[in-house]
Number of protein chains: 2
Amino acid sequence: MAGKSKRQIILEAAARSFRDKGYQATSMRDLADAISLKASSLYNHIGSKQEILRDICFDNANRFLSGMDDIDGQNIGPLEKIKALIELHIQVATEDITSVTAFNDEWRHLEDPDLSAFIQLRRNYENRFKKILETGMQTGVLTPTDPTVALYTLLSSVRWLYDWYKPERKPGLDLIRQQITSLLLKGLCQ
Amino acid sequence: MAGKSKRQIILEAAARSFRDKGYQATSMRDLADAISLKASSLYNHIGSKQEILRDICFDNANRFLSGMDDIDGQNIGPLEKIKALIELHIQVATEDITSVTAFNDEWRHLEDPDLSAFIQLRRNYENRFKKILETGMQTGVLTPTDPTVALYTLLSSVRWLYDWYKPERKPGLDLIRQQITSLLLKGLCQ
DNA sequence: AAAGTACGAATGACTGTTCGTAAGAAAAAG
DNA sequence: CTTTTTCTTACGAACAGTCATTCGTACTTT
């Protein structure tokens, strides 16, 4: 029933440590300590520290991209798509806080060619999002504004969710989701 | 006319490097190279690497706090205060991009007691902001929502400005300021 | 017998910082 | 205007420590 491979355990401990201290400040000895191993033993399960970061970053990138595939493929209006995308971000950010942190803050410590590949993925995602916004403005369902400004204001506001969201705190997840989407959609429309 | 002390030059180079690579990944030798010095020479002008970070973080914290003092002290309604605060964030984030980056991302590498002091300053700022939001909701000028959710959504959306704002790019600063404040205020009201 | 895993020791590279020293600028004294 | 003293700055060498990673070896599970 345990079923978690040691590799997975390492990845999760790494994500947690990257969140708390950052990639550079996390030593392989710290990481090994956290799961009661010695640093040299880690290398029986992973190839390098950089490989850990790469796995975390691209795993999370794919969660966003496959979410985008789902939503953008549906036959619904741009407003519904944007609402679904905002909820996707809230969903991903709250269901696996540690990974998303690493994904948000630590990707810049990737080394080329991974760094370039990651930036490329990100850009693609943003462009698809922006296109949906533009469609919404053309069909009149959104207030015409600069789509870049709208896009980044949107993305930024959900990007830091992991930073202040505490699962045990008062405003429950449902309330948060409802109020954030409401605030942003009201801001975009009319 | 030059007038820039070497200390200031070091601080600015450090802010730039912290933005590009992070505090931990910036070595004193990197930093010295960037301004054509040797690492040991830096210590004629600064006390330690940690002191550089402290200066950058608290300098920027004070810019926000004194802005808050100005705005909160004026005899205007909560809506006008919020508008002014959003514009303050946009102003600070765009006029000194590098410092704000360090301020946003690198403060967690402060060591105690500075770390605690910084967190305290930040919390005070957020509480004052939250109180303005609550006043606005009580007087009916803002839609009643959870003030914490509203606060962080607001702060987050301007927090990442430095990340995508490019002074030379198409949407000019005036347009950006106008559209962001419009989007957020529309989202909060009614 | 074979494969997978954990460990200690060692590697070379890099870290922030200190120190003695030498060169230069500024200030003081002649 | 000189000469001498003081202050500031830059540098190379060295420090003790940490870093990711490798390797040979032993233990455990197939």
Side-chain angles (χ1 to χ4, degrees), chain A residues 1-58 102 105-115, chain B residues 1-58 102 105-115:
Chain A
M1 247 301 153
K4 256 182 205 164
S5 73
K6 208 129 212 179
R7 183 167 221 277
Q8 198 57 35
I9 294 176
I10 294 175
L11 288 178
E12 286 171 15
R16 206 170 314 125
S17 188
F18 291 171
R19 176 195 58 176
D20 293 339
K21 312 196 288 181
Y23 174 78
Q24 294 273 357
T26 297
S27 76
M28 296 302 272
R29 288 163 184 83
D30 290 343
L31 189 45
D33 268 1
I35 55 176
S36 299
L37 275 186
K38 299 298 168 184
S40 55
S41 306
L42 295 175
Y43 290 85
N44 287 322
H45 306 281
I46 52 106
S48 68
K49 189 185 178 186
Q50 180 74 198
E51 186 194 284
I52 297 177
L53 181 63
R54 178 177 30 198
D55 268 32
I56 293 176
C57 289
F58 282 91
D105 294 346
E106 308 301 328
W107 60 267
R108 61 179 169 159
H109 294 114
L110 286 171
E111 292 163 11
D112 263 328
D114 294 321
L115 179 59
Chain B
M1 247 302 156
K4 256 183 205 165
S5 73
K6 208 128 212 178
R7 181 167 221 277
Q8 198 57 37
I9 294 176
I10 294 176
L11 287 178
E12 285 171 17
R16 206 170 314 124
S17 187
F18 292 171
R19 176 195 59 178
D20 294 339
K21 313 196 286 182
Y23 175 77
Q24 294 273 357
T26 298
S27 77
M28 295 303 271
R29 287 164 181 82
D30 290 344
L31 187 46
D33 268 1
I35 55 176
S36 298
L37 276 185
K38 300 298 169 182
S40 55
S41 307
L42 295 175
Y43 290 85
N44 286 322
H45 307 280
I46 53 108
S48 68
K49 188 185 179 186
Q50 179 73 199
E51 188 193 282
I52 297 177
L53 182 63
R54 177 176 34 202
D55 267 32
I56 293 176
C57 289
F58 282 90
D105 294 346
E106 307 301 328
W107 59 268
R108 61 176 169 162
H109 294 114
L110 287 170
E111 294 164 9
D112 263 329
D114 294 320
L115 179 60

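So you know, we letter chains A, B, ... as the sequences are listed, proteins then strands, and number each from 1.
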Round to a whole Å and report the spacing from CG of B:Asn44 to C1' of D:dG12.
-> 14 Å

Walking DNA chain C from its 5' end, the first of A:Arg29 and A:His45 to be reached, judged by nearest nucleotide, is A:His45

Measure the distance from CD1 on B:Ile10 to P on C:dT17 and round it to the nearest whole Å.
-> 13 Å

Exactly one of B:Arg108, B:Gln50, B:Lys49 clears side-chain hydrogen bond (donor to acceptor under 3.5 Å, both in side chains) with B:Tyr23, and that residue is B:Gln50

Among the nucleotides C:dG16, C:dC19, D:dC23, whichever has the atom closest to the side chain of B:Ser40 is C:dC19

Phosphate contact (C:dC14 OP1 or OP2) by B:Ser27 side-chain N/O below 4.0 Å | no

Between B:Glu51 (side chain) and B:Gly47 (backbone), is there a donor-acceptor pair under 3.5 Å?
-> yes

State whether B:Lys38 places a side-chain N or O below 4.0 Å from either non-bridging phosphate oxygen (OP1 or OP2) of D:dA10.
-> no

In whole angstrom, what separates B:Lys6's NZ from D:dT8's C1'?
-> 11 Å

When the distance from CD of A:Gln24 to C1' of D:dA20 is rounded to whole Å, what number comes out?
-> 11 Å

Considering only NZ, NE, NH1 and NH2 on the basic side and carboxylate oxygens on the acidic side, decide whether A:Arg54 and A:Glu111 come within less than 4.0 Å.
-> no

Separation of D:dT9 atom P from B:Ile35 atom CD1, nearest Å, is 13 Å

Atom-pair distance (CG on B:Leu42; P on D:dC11), nearest Å = 10 Å

Whole-Å distance between C:dA9 P and A:Tyr43 OH?
-> 18 Å

Please report, rounded to the nearest Å, how far the P atom of D:dC19 is from the CG atom of A:Asp33.
-> 11 Å

Would you mind classifying the nucleic acid contact of B:Thr26 as base, sugar-phosphate or nothing, using non-hydrogen atoms under 4.0 angstrom?
-> sugar-phosphate

Whichever of A:Ile46 and B:Leu37 has its nearest DNA chain D nucleotide further upstream toward 5' = B:Leu37

Distance below 4.0 Å between A:Ser41 side-chain N/O and C:dC7 OP1 or OP2 = yes

Can you check whether A:Asp30 reaches A:Ser27 side chain to side chain, under 4.5 Å on heavy atoms?
-> yes

List the atom of B:Ile56, the atom of B:Leu11, and the distance in Å for their closest heavy-atom pair.
-> CD1-O, 3.8 Å

